There are 4 protein chains.
Amino acid sequence: MSESNKPTRGRDPNRRGRRGPVNGQATGTPASQRELRAQGRRTMRKLLDAGMRVFAERGYHAARVDDIVRAARTSHGTFYLYFASKEDLLRALAVECAQEWTDLAASIGPITRDDAGFEELRRFLGGFVGTYRRYGPIIRAWMEDQGGDREIGRLGVRSFTAIASALGERMDEVGAPHAVDSATSVAALMAMLERFNYVLVSRRIDVDDDVMLDSLARLVHRGFFFGAERGMAASR
Amino acid sequence: MSESNKPTRGRDPNRRGRRGPVNGQATGTPASQRELRAQGRRTMRKLLDAGMRVFAERGYHAARVDDIVRAARTSHGTFYLYFASKEDLLRALAVECAQEWTDLAASIGPITRDDAGFEELRRFLGGFVGTYRRYGPIIRAWMEDQGGDREIGRLGVRSFTAIASALGERMDEVGAPHAVDSATSVAALMAMLERFNYVLVSRRIDVDDDVMLDSLARLVHRGFFFGAERGMAASR
Amino acid sequence: MSESNKPTRGRDPNRRGRRGPVNGQATGTPASQRELRAQGRRTMRKLLDAGMRVFAERGYHAARVDDIVRAARTSHGTFYLYFASKEDLLRALAVECAQEWTDLAASIGPITRDDAGFEELRRFLGGFVGTYRRYGPIIRAWMEDQGGDREIGRLGVRSFTAIASALGERMDEVGAPHAVDSATSVAALMAMLERFNYVLVSRRIDVDDDVMLDSLARLVHRGFFFGAERGMAASR
Amino acid sequence: MSESNKPTRGRDPNRRGRRGPVNGQATGTPASQRELRAQGRRTMRKLLDAGMRVFAERGYHAARVDDIVRAARTSHGTFYLYFASKEDLLRALAVECAQEWTDLAASIGPITRDDAGFEELRRFLGGFVGTYRRYGPIIRAWMEDQGGDREIGRLGVRSFTAIASALGERMDEVGAPHAVDSATSVAALMAMLERFNYVLVSRRIDVDDDVMLDSLARLVHRGFFFGAERGMAASR
DNA sequence: TATGAATGAGTGTTCATTCAT
DNA sequence: TATGAATGAACACTCATTCAT
């Protein structure tokens, strides 16, 4: 599918050979690439934050560079001093987000059948929800991608996979009754987590966080980790 | 915030913009509104199909009216003879899709603990996957909505709710051990189904359909309908 | 009938359509709304002038934004940086024109029966012709309006009324023999002035300005201000 | 000015060699050109009337062929069976209108200083108003023309001139005190009549017809035909 | 380092006119 | 004689990106 035909507008850098930095100014060399002084770092942060806010409000596609620079109280020129493109800003935010995911993945302890396991699961889910709350727009942009920049997509997949693997391991180590194949179970769990959080965040379901986390943790603990085995239709 | 600011281009706000059937050449009065002869119906179908294809390939936003008319081997003018806008085409497809969802919702029989219940669940999931395969792009457009046409969004929510309710009833009637609150359970289940299918369809996970359906059915049967109760961390 | 259905093309009704300052790049926020630096003001002036020229050549409706930007030696983008739409440019020009009208209205002194009065009238008419020459296309756009932007229409009516009132007062104060009712007289006078100038400017009647002004002033002085009363068919 | 660049849309017949009648069907051969049977004449009349109505509602430019055929309860195809283009319909209506003007011009009797002359003038003005009421939209289209079809413009000018000449003659024959030059007087009178009627018809000034006609006749009788000569600023 | 101004390819939509039946 | 369907050039407007200061 998706021959990577992304609609670009105005000067399309892909079509006409990205000219790279033009005059003296190292235009758009993103983040860490250039040494930034205090002021520079401050401006960059302003843009990143503004990006988050605007992406959250409008979604990545609908967000206009102009919205972002206005939110950051800067100018177009400045934007392109720090980011090569709108997508580059997304990428930068995605990197931040990916870091959080990875940390979260690394922090998952064993999920046992008892209360301690439940608590651990609940803690993890709390972290998941927190990250999603903060980076929801970015994550959504990952998923909606559909032919945009492959690199960002990969970043998302990697982060997701990190968590999925961690969860998978925890399931295996307690002999979670995988419904036939482990991949499907984990995929289903991840799918549920992602979309559940999406609904939670965007459609603003008004459930108390504590209650909701309890429900979700219970659901996962029972449904995915320690599903019932007796008295049911037999596995094939 | 974000008062439904979606970037579309080129619509005349004065003459036709304000939604609904208009005047010029009965332009864009969709489907049922105008009486169509055989040829007209054929062309409309061509456009609907082309729309599905193109939305599938590029996603709704990235899809260009030009792509659609090329795929349908017609002209721009013809397109606007049948649909008031690109969004109107989406709406028309959404209506078709909503019908399938509703039918599917109505068809869910009791999900018992035994093999029959499992089979019923599996059958339903099969239908779900099928519909998602056919209308995936539309459903995705629903979800990505983010400030587009509220009407289409509502249509999606309604369809989704229909299924969710049906599933909820089936869960209640067998006393499924809701993880604290029923709403969360159902929401989680729906979330999982939606996103799981999304991944399935878009990222083309290569699992045999039969195997995957088995896994999924098992997972839902156990995890959501007949989750284990004994020997686990107690519900609070 | 005809609820203000004017055919424009290509405006996005969702994002910017609903009139007034918008967001994208502070696009099209006209004149006074944004602070402009020297260069900005220059460009804006260029566009206003080009607009006048093109409207004069083709008329408002037939004028293409493309013609205007070509005449101004700028780009489409730049145009929309200063004006929200073609109509907005018309509005801006209309405001300038309205100012001239208003000033002109304020400047009308007493029109007496003697030479001084005649001269005053002639001076005023000279101003009228001058303004019409400069802003003819705009005035014509006002009149042709027919369901376009009500606001612009009102602006025109206000300006016109200002002059009409001033003339009416001058007529009353010398007891001009209103042909039955004052409103009709003034309306007729204004009608004559407007259309006479229209013909003058557009169809380029080749009369020497001085001669023509003399004729016109004489006509108005006699016909409208000091029409004969004796020996004629009696007023009813 | 006005390089006669009329914006055409779709298949522009001027740009690509008007192909003339295509297959067997004598498409668009207007009115009198073809022998029409009863039904044909009826359809043609329906279209002419619908044209008048729609032009009146929307103005010529804003009127869509579709509006017209819908008003006439016919189809696009039929329209082009009787008229070669939208403009051709205008032309046909213009011919009808020109006939009325010409008849009106021929009917103007001597305008004497006494009551009989006043009555004659009033009668003529009544006819003028009547014609304007019926054909206002057409007349307006004439005036707004600005680079459209020269032929239609000429038709209008001819009709107008016919009346102007007749009036001019009547003025000369009673020695009306032309304000310096006759051409200006007549031009001014015509200008006044046209625009006054325009305002009357379009802006729907609510004056009783009888009263208004009286005022207008009085005004013209006095102002243009028998302007005061004594005690005023001397003619130069 | 920062900024306001400029650019122009790209997009959705319109509507006069022609075609096929 | 009539019609519904089809066409596609034309147009207004957008917005990511670059330029000049």
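Please read these numbers as outputs of a predicted model, since none were measured by experiment. To find a chain, count down the sequence lines: A is the first, B the second, and so on, and within it residues start at 1. The figures that follow rest on heavy atoms only: side chains count, while hydrogens, waters and symmetry mates do not.
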Which nucleotide in the list [options] gets nearest to the side chain of [X]?
{"X": "A:Leu81", "options": "F:dA2, E:dT7, E:dA2", "answer": "E:dA2"}
{"X": "A:His76", "options": "F:dT1, E:dA2, F:dT17", "answer": "F:dT17"}
{"X": "C:Tyr82", "options": "F:dA6, E:dT14, E:dA5", "answer": "E:dA5"}
{"X": "A:Ser75", "options": "E:dT3, F:dA5, E:dT7", "answer": "E:dT3"}
{"X": "C:Arg64", "options": "F:dA5, F:dC11, E:dA2", "answer": "F:dC11"}
{"X": "B:Ser85", "options": "E:dT13, F:dT3, E:dA5", "answer": "E:dT13"}

salt_bridge(C:Asp49, C:Arg53) N-O dist < 4.0 Å: no
Salt bridge D:Asp66-D:Arg70, side-chain N to carboxylate O under 4.0 Å: yes
C:Thr74 side chain near E:dT7 phosphate (N/O to OP1/OP2, under 4.0 Å): no
C:Tyr80 side chain near F:dT14 phosphate (N/O to OP1/OP2, under 4.0 Å): no
Distance check needed: [N] [atom2] versus [X] [atom1], whole Å only.
{"X": "A:Phe83", "N": "F:dT18", "atom1": "CZ", "atom2": "P", "value": "16 Å"}
{"X": "A:Arg58", "N": "F:dC15", "atom1": "CZ", "atom2": "C1'", "value": "13 Å"}
{"X": "B:Ile68", "N": "E:dT11", "atom1": "CD1", "atom2": "P", "value": "13 Å"}
{"X": "C:Leu89", "N": "F:dA12", "atom1": "CG", "atom2": "P", "value": "12 Å"}
{"X": "A:Lys46", "N": "E:dT1", "atom1": "NZ", "atom2": "C1'", "value": "11 Å"}
{"X": "D:Leu47", "N": "F:dT3", "atom1": "CG", "atom2": "C1'", "value": "13 Å"}
{"X": "A:Tyr60", "N": "F:dA16", "atom1": "OH", "atom2": "C1'", "value": "10 Å"}
{"X": "B:His61", "N": "E:dG12", "atom1": "NE2", "atom2": "P", "value": "11 Å"}

Short side-chain to backbone donor-acceptor contact, C:Lys46 and C:Ala71, under 3.5 Å: no
B:Asp88 side chain vs B:Ser85 backbone, donor-acceptor pair below 3.5 Å: no
5' priority, DNA chain E, between C:Arg41 and B:Lys86 [closest heavy atom]: C:Arg41
Residue mapping more 5' on DNA chain E - nearest nucleotide basis, C:Ala38 or B:Gly77: C:Ala38
Atom of D:Ala141, atom of D:Tyr60 and distance for their closest heavy-atom approach: CB-CB, 3.9 Å
Nearest-nucleotide comparison on DNA chain F, the residue closer to the 5′ end among B:Thr78 and C:Asp66: B:Thr78
Distance (rounded to the nearest 0.5 Å) between B:Gln39 CD and B:Arg42 CZ: 5.5 Å
A:Leu48 CG to A:Leu90 CG distance, which is reported to the nearest 0.5 Å: 11.0 Å
Mutual orientation of the aromatic rings belonging to A:His61 and B:His61 [parallel < 30°, tilted 30-60°, perpendicular > 60°]: parallel
Stem list, DNA chain E (Watson-Crick or G-U pairing under 3.5 Å, at least 3 consecutive pairs): E:2-21 with F:2-21
